[in-house]
Structure formats: structure tokens, C-alpha cells
J.: 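Just passing along the structure, written as C-alpha cells.
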Amino acid sequence: MESGAEYGENAVSLSIRHSAECFPNRSQSTMCGIVAYIGHREAAPILLEGLKRLEYRGYDSAGVAVLDEGRDSAEALDLVKSVGRVRVLEEAIEQHGGLSGSIGIAHTRWATHGGVTQANAHPHRDDVSLGHGIAIIHNGIIENYQSLRTWLTEKGHVFESETDTEVLVHLIGELYDGDLEHAVQNALREVEGAYAIAVICRREPGVMVVARKGSPLLVGVGSDEYVVASDQSAIVAHTNQAFTLDDYTVAKLTRDSFRTSTVDDVEISAKVHKLEVEIEQIELGDYEHYMLKEIFEQPRALRTCIQGRIDHRAGQVRLGGVNDFGRELARAKRMIFVGQGTALNAAMIGEYLMEDLAKIPTDVEFASEFRYRNPIVEEGSVVVAISQSGETADTLAAVEEARQKGAMGLGVVNVVGSTISRETDAGVYLRVGPEIGVASTKAFVGQVMVNALLATFIGRRRFLSQEQVNTLLEEMSAIPDKIERVLEQSESIRDATARFIGRENWLFLGRGVNYPVAMEGALKLKEISYIHAEGMPAAEMKHGPIALIDDGMPVVFIATRNSQYDKVVSNIEEVRSRGGHVIAVATEGDHEISRLCEAVFHVPDVIEPLQPLVSVIPLQLLAYHAAVLRGKDVDKPRNLAKSVTVE
Ligand code: G6P
């Protein structure tokens, strides 16, 4: 893995902003995966393989449409949809007698509005009797679809589904006059909302039109072929060259050329760039699950994350994406960290780091709560959005809320070119590589590491001495090797987990910087093994949860040697005396704690602010092994999506 892009580097050449509409209401946008192909090869296998690569995003139905130029025009557009996994769709295609043609579109849908039905699954077609044989796949929401539907119904259109997407394709059909590109542009000028779409038409079999506003879309550029997808994982098997569409732009693709324009048909240029991801990074390799692969990738991912950013000789942190903002950040009066899920737990650690190292008053907020609270954002505030995907709807809206009120927006994001990275003033990429497992692991340690780098970067411009910075840099650089030592214990962690696998309720407790680690440990366990687990500050236990502790409840303590160690040990005694089974994460060499616990996972000694980077590792492994021992589908946990683009 090479060290990757810096914030600001990946913007396409022309950025079109309709400022008032930059953040459409994404509240109802659907969370989908889209793949499209135009070229000289059979489309169906490429589309299905692409859909499988996007399975990790979460979905409940899927569909494919393929254009066969060799067939009689009326039957040239063929379409198969099904409820359930992509393999169900594959079977449906087989029963259908296959799909032939070298241009096609495919989709995985995660239902939010409108049931999980075959009719609601994409692709959708324009009106069967009035239409021109146009098919569409769409990720997003057309907010004014009701009024458009009424207008189209008056014109004689008959709809087969309840979806906004079908309204959009009927609108395109209504405006079609022999030029698909213009029909799409004209239709998009009429719609409000968010979209990433790919459209094909049997009357123009060598053309595909794609467009984007507010939902992710990437166009992979091959040799006389294009692969379009929601993210790069569905593209890299075919090409490592791609361009991103900016909001309000449309691309017309033929097999050997492309033209990009605005929805007002002003021609613009698109910059083709090299994708950051290599195919090996998204392959499972010898691992049984992506989650395990990503847990074991953490040392390497963090080496890439810090590479070129820690300068031991100069005793400095260098962060390309924020270097120009050093003074502004050092003068910040308040930092507000926002995120959801695992990113929120990393944000909580960010709060500790920012207050401890940079001495800036910091709050951490669920993005979903912050955005609707009419929050007070004073001058000099910096909002820090933590997000693996860079697409989480609530996090995006929280940043926008704070920026509207004058805050500077900073992104701590993994996916290069994602919406949050484009809608913030500056930021730092995690550079941990693509994360496929729904349960976030390497992104979490990347987020914590970047928070530590940021806090050191700002802290040095405020109160940190050179000596303190040198210590931090040394400790940060040593983390990858230390994580490797923890990973060696995977087998023994599995054996210990097996002893408690029948228990349905678990507590995770920690103090200080390890309290968010307790939260993260509980989240990991419930996400993939469906065991009920709660994380909380260890001191909070006495205010209620202690009533739950009886003979048999596993209680996991994060009890590494630090300023609060003695207090944590007292809490362990309290649990023991009530019959709870104590499992601890403790510092190497701490043998005394073993006499109080039924299982101890040791982690190397690390300075207190960085302890989460090692103390979380045994908890990730515990959750992983618990899920496997319970026979759960680790990489596709029920009801969860990797990227939550709905609120
Ligand atoms: C989903 C994922 C979580 C993730 C959260 C925030 O719930 O399942 O693993 O932590 O979204 O996602 P983000 O991409 O913003 O980090």
C-alpha cells in the first residue's frame, strides 16, 4: 500500500455549485449499490460480479437490465429482478434463459420507503405502452416525485411501482425525442432531491447516460469500455482509471468516448485519476471473513496512515490536507466532533485527545441529534466529521448545519472523494484502505490515529513542548508493532470467548480514554453476534446496571495501566463480589489482575492517550470469534448496512 491522497487533491476539474441546493434533504434517500457497463464484453457477468462486490453495502433486492443490439428492437431490452441476495438474482437470470448484450445496468436496493418487492426493485422502465424502452437504476430520492407523478398520470402514464425512481424514468421517457442525453438533462432540471443514475435506451443501443447529485458515483474508464459504480470496489477488477462526477453533472458514454456536461448542457471536462485501491485489497485472500482480514490488516493500515505524516527528524506532524489551516485551527475556540456508530466512538476519543493534547474545549455529538437541535455554534468553532464512508447522511447534515452557522468543517474520512470530503473545508484521509466488513475495525483505529495526529498538530501550535511531541511521535510510530503482538493472541481470545458464548447479556466497562473503547467493544459484539451488550463508563455501573449483575453475567473491563487503573480495579472487585464473570484487557506484565479475572487479554504498554489503539484489538477479536462460534454471517449481519445514507 502506498501512502495515499491528501484532501483537496481529488476534486474534479470543474466544481459546479448551486449553493442553495448543495445539501439537498437526503433524509429519504435510498441506500443502494449501482453498477453499469458499456463495452464489448458480455455485460451480465460483469454486472453480477459488481453487485457481489457491493453486497457489503447492505441490500434486500436486486435487478439487472441488459440491452442486446442484435435483437429485434422491441425485445432488445431485457430485465430480471428478484427479492433477496444476488445469488437469488443469478438463479432468476438462469431460469430466464440468461441475459445477453454488452450494455447493461444493475442495482441492489435497501428498502426504506416502499416494501421489499420485485416491483419496487430496480431497474425501472418507462411506460410500457407509451415508452421508448428506457431503463434506469437510481440511488437517491426524488423529493417532488408526487407532483411529477400526477402530471405524468394526466398524460396517460401508468405506473407499476410506488417508487420515485419509476417516476423519473417515465419523465425521461416523456421528454425523449431521440436524444437520451438531452432527455436526461431536461428531466433532471425538473427534479428536486438526490440522485446517482445510469440510463439506457433500446433506441440508442450504443449509449449510456449517467448523472449525479448528492449520491456517490464513479465512472471507471477501460479500453473501449466503461464500468460505472457507487464505489471503486466494483470497478478495480476492470480498470484503475476513473473519474468522479460532480453534483449536477451528466456523462454520456459510448464505447469509445465520453462527454461530460452540466444538466444545462454546458460541456465540462472531467479529470481521469488513478484509483487508490488495488484489487488485492478487496479480495478475501486466505481469510474466512473480511472482518478478520481487516482486523489483521490494522498494523499495515496504520503504517500507511502515519507514513509521511510523522517527521521524526523535524519533530513534527505533517498533514497535507490541513497544513494551510494550522493557524486557524490553533485559534479554534471550540471543536465539535460529530459521527455515528463506530465513528462516534472514535469521535469520543477525539474529544479526550483534543482536550488533553491541544487544550481546546471539545464536545462530541451524535450527528443525528446535533443537526436537529438548532445547536449553538459560536464563532471560532470547528466541526470535525468522522466517517469511514464519507457518505453518512446525518454526519453530512451535521457538518452542513455547523458550517451554515459559521464553523469551519474538517473531515476525517476514509473514502477519497466521498461527499463529506468534498463538502468540508479541509481534512485528513485515514488511508487505511477499503473497509468491506460491515463491522468497522481498521477504520476505527485509523480514525483514532488521525485524531491523535490532529491533536498533536494543533497542540504543538498551542501548549505542547517539543519534548512532549517527540514522545507522542515515537509512541504513535510504535503502535503498529504493538498491535501485531495483540493479534498473536487471537486463538486464546477465541478459547476464552467460547467459555462465555452461551451468555446473552454482556457489559463493557472502561474509564477515561477507555470508556469509548468499552462502547466500541459492546457495539462490535451486538452488531455481528446479536448478543445484547452495553458499554458504559465503569463508574456508571453503580447507578443502575449493577442490578443486572448476577452469577453468570460476563463483564469486560478495559483495565490498562493508566491514571484510573486503581479505580477500575475497585470496580472489578464490585462485580466479582456479585458473582459476575470478569474478563479484562490489561497491560502486559500485570499479573495481579489475573487473580481477579476469569480471562485476561494482555496488550503492550502505551502512553495513556493512545491506549485505545491497542485496547480495542482484543475486543474486536472477541466479537469476531463470538459471531463465528454462534454461526453468524460475520460480513453480512442482519439489518445492517455499511453506509447509512438515510437518517
Ligand atoms: C453504519 C456502519 C457502522 C459505521 C456507521 C457510520 O452504521 O454499519 O460500522 O460506524 O454506519 O459510518 P461512517 O461511514 O460514517 O463511518
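As the structure lists them, so they are numbered: ligands from 1, and atoms in each ligand from 1.
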J.: Distance under 6.0 Å and angle within 45° of the ring axis: does R85 meet both against Y59?
T.: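 Yes, R85 lies over the aromatic ring of Y59.
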
J.: Out of all atoms in ligand 1, which are within 4.0 Å of some heavy atom of V438? Include the element for each.
T.: 8 (O), 9 (O)

J.: With R638 as the cation and Y530 as the aromatic partner, state whether NZ or CZ is under 6.0 Å from the six-membered ring centre and within 45° of the axis.
T.: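 Because its charged atom sits under 6.0 Å from the ring centre and within 45° of the axis, R638 does stack over Y530.
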
J.: Which of the atoms of ligand 1 are close to T392, meaning less than 4.0 Å from one of its heavy atoms?
T.: 6 (C), 12 (O), 13 (P), 14 (O), 15 (O)

J.: Pull out every atom of ligand 1 sitting under 4.0 Å from any heavy atom of S440, numbered as shown with elements.
T.: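 In order of number, 9 (O).
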
J.: Short list, please: which atoms of ligand 1 are under 4.0 Å from a heavy atom of S387?
T.: 13 (P), 14 (O), 15 (O), 16 (O)

J.: Quick one: which ligand 1 atoms are inside 4.0 Å of a heavy atom on Q340?
T.: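 Ligand 1 atoms under the 4.0 Å threshold to Q340: 5 (C), 6 (C), 10 (O).
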
J.: Could you tell me whether the side chains of S389 and N414 share a donor-acceptor contact shorter than 3.5 Å?
T.: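 Their side chains do not contain a donor-acceptor pair, so the 3.5 Å distance test is not met.
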
J.: At a 4.0 Å cut-off, with the gap strictly under it, does some heavy atom of L640 reach an atom of ligand 1?
T.: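 Outside the 4.0 Å threshold, so no.
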
J.: Find all atoms of ligand 1 within a distance of less than 4.0 Å from any non-hydrogen atom belonging to T342, and give their numbers and elements.
T.: 10 (O)

J.: Based purely on interatomic distance, does A641 place a nitrogen or oxygen under 3.5 Å from a nitrogen or oxygen of ligand 1?
T.: yes

J.: Looking at K642, K293, K442, which hits salt bridge (charged side-chain N to carboxylate O under 4.0 Å, His left out) with E435?
T.: K642

J.: Taking only heavy atoms of Q388, which atoms of ligand 1 are found under 4.0 Å from at least one of them?
T.: 13 (P), 14 (O), 15 (O), 16 (O)

J.: Under a 3.5 Å threshold, yes or no: a donor from one side chain and an acceptor from the other, between Q340 and S368?
T.: yes

J.: With heavy atoms under 4.0 Å as the rule, classify the contact between K642 and ligand 1 as side chain, backbone, both or neither.
T.: backbone

